[in-house]
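Order of listing sets the numbers, starting from 1, for every ligand and every atom in it. All values below were derived from every heavy atom in this structure, side-chain atoms included, with hydrogens, water molecules and symmetry-related copies excluded.
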Amino acid sequence: MSAHQIIYLPGDGIGPEVAMAARRVVDAAGVEVEWIEKPLGLGAFEKFGDALPKDTVDAVRATGVALKGPSTTPIGGGHVSANVRLRKELELFANVRPVKTVPGLETSHGAIDLVIVRENTEDLYAGFENEVAPGVVTCIKVITDRASRRIARFAFSYAQRWDRKKVTAVHKANIMKKADGLFLDCCRQAAEESNNAGGTVTFNDVLVDALCMHLVTKPSRYDVLLLENLYGDIVSDLAAGLIGGLGLAPGGNYGAETAVFEAIHGSAPDIAGQGIANPIAMILSAAMMCHHLGRPDAYRRIRRGVASVTRERKDVLTPDLGGSGDTEGLTAAIIAGVQAQPATI
Ligand code: NAI
């Protein structure tokens, strides 16, 4: 079998630390990869004057798959987010974020097993901000029939493929009757289409504010959550908190022909360079990448390898998980855990 060509985007802050850990785990899982490193983020902006050089986008488009560390976006000014641009330019319209209790790291919220499916290309992140008069700024929320229908169909097809039982559309259509109303209509239609095609996934909807309360009090009532871009971004971090923090929550961005895998967390400038970042979220994102590459065996090996460490090796856990270990020690233990799994599982 020839090696998979994968674009490796280390990113900024803790990005290079956790992305390299994930890359080493993929290699250890027996997936043959030719890694091609490209710049993206603040480092790319400082070096090339562009946070997302064209050559980087072209490379991801050509190979169809990238493993990406988080990148830094300045707050309140500076360059436009390389993430937002990458997702738009490659039409990576679906952001999938599984949030599942990690064995050995159970929290007071009980067993969590949710999947967040977030629309990735429009909403308030479309980039239409204007100062219409001094001291008055508008930010336009863009919701289209095309993008809403596309993400809703994706959510049902994903749910069916992964044997999930229910999709819940999350919205605020009581207030934004047109924008969120359109999104909700598209979700309802996708539910009907799925049902008419013999699908078994059920459907309901919830207001985003009520969802936040339910997630904290009774998360088990949810299965697959289908959200617009902004709600999806915020609810993902909340959900990550339920399982023990941002260091545990992986993600993948999917388009028709391209996929980019990255943790949901950011570049964590507060701990960058200290060697204490938790690599698990990036490693689980890399596991999702292996599944996408047609290697469910490697996906399982990595997940089980991680679980063996979180269950049995508390001594190597990083500070965000209450331990006193570091990135290198945790990564090495996970690599050993992955290699200890049978080759065919
Ligand atoms: P953040 O996710 O980087 O950090 C929030 C908190 O979680 C910090 O205390 C950080 O130390 C901790 N944390 C995050 N990941 C961790 C890990 N793997 N191990 C241990 N602790 C971890 O969010 P923040 O501080 O709001 O954003 C920092 C930068 O990251 C910003 O420039 C933001 O734009 C960018 N960002 C990039 C993303 C991406 O590239 N996909 C996603 C989210 C934010």
Looking only at protein heavy atoms, identify the closest one to atom 30 (O) of ligand 1 and say how far it is in Å. S267 N, 2.9 Å
Within ligand 1, which atoms have a heavy atom of S71 less than 4.0 Å away? 30 (O), 35 (C), 36 (N), 37 (C), 39 (C), 40 (O)
Parallel, tilted or perpendicular: rings of W162 and Y299 (30°, 60°): perpendicular
N-O pairing of E228 and K141 below 4.0 Å: yes
Among non-hydrogen protein atoms, atom 16 (C) of ligand 1 lies closest to I14 CD1, 4.0 Å
Protein heavy atom at shortest distance from atom 28 (C) of ligand 1: P269 CD, 3.5 Å
Taking 4.0 angstrom as the limit and counting only heavy atoms of L246, give me the atoms of ligand 1 inside it, by number and element. 2 (O), 5 (C), 7 (O)
Is D270 touching ligand 1 with its side chain, its backbone, both, or neither, if touching means heavy atoms under 4.0 Å apart? side chain
Quick note on ligand 1: atoms under 4.0 Å from a heavy atom of I264 include exactly 42 (C)
Is any side-chain heavy atom of I116 closer than 4.5 Å to one of N95? no
Please report whether atom 24 (P) of ligand 1 has a protein non-hydrogen atom at a separation of less than 4.0 Å. no
Heavy-atom pair of closest approach, residues D223 and K166: OD2-N, 3.1 Å
Report yes or no: do D233 and Y125 form a side-chain donor-acceptor pair below 3.5 Å? yes
Ligand-side contact atoms (ligand 1) for residue partner I271, heavy atom cut-off under 4.0 Å: 11 (O), 20 (C), 21 (N)
Ligand 1-proximal atoms of E262, by part, heavy-atom distance under 4.0 Å: side chain
Side chain, backbone, both or neither: which part of T72 comes within less than 4.0 Å of ligand 1 when only heavy atoms are counted? both
Between N229 and E122, a side-chain donor and acceptor under 3.5 Å: no
Check L182 against T144 and note the closest heavy-atom contact, atom names and distance. CD2-C, 3.8 Å
Please list the nearest protein heavy atom to atom 12 (C) of ligand 1 with its residue and the distance rounded to 0.1 Å. A268 CB, 4.5 Å
Would you mind checking which non-hydrogen protein atom is closest to atom 1 (P) of ligand 1, with the distance to 0.1 Å? G266 N, 3.5 Å
Atom 33 (C) of ligand 1: nearest protein contact (heavy atom, Å): T73 N, 4.2 Å
Side chain Y8, main chain M20, donor-acceptor under 3.5 Å: yes
Strictly distance-based, threshold 3.5 Å: is any side-chain N or O of T331 a donor or acceptor partner for the main-chain N or O of T327? yes
For ligand 1, which atoms, with element, lie under 4.0 Å from some heavy atom of D320? 20 (C)
Check whether E106 reaches the backbone of G104 with its side chain - one donor and one acceptor, N or O, closer than 3.5 Å. yes
Any idea which of N278, L40, N83 brings a heavy atom closest to atom 40 (O) of ligand 1? N83
Donor on one side chain, acceptor on other, N253 and K68, under 3.5 Å: no
Quick one: does M282 get a heavy atom under 4.0 Å from ligand 1? no
Nearest non-hydrogen protein atom, atom 42 (C) of ligand 1: H265 O, 3.6 Å
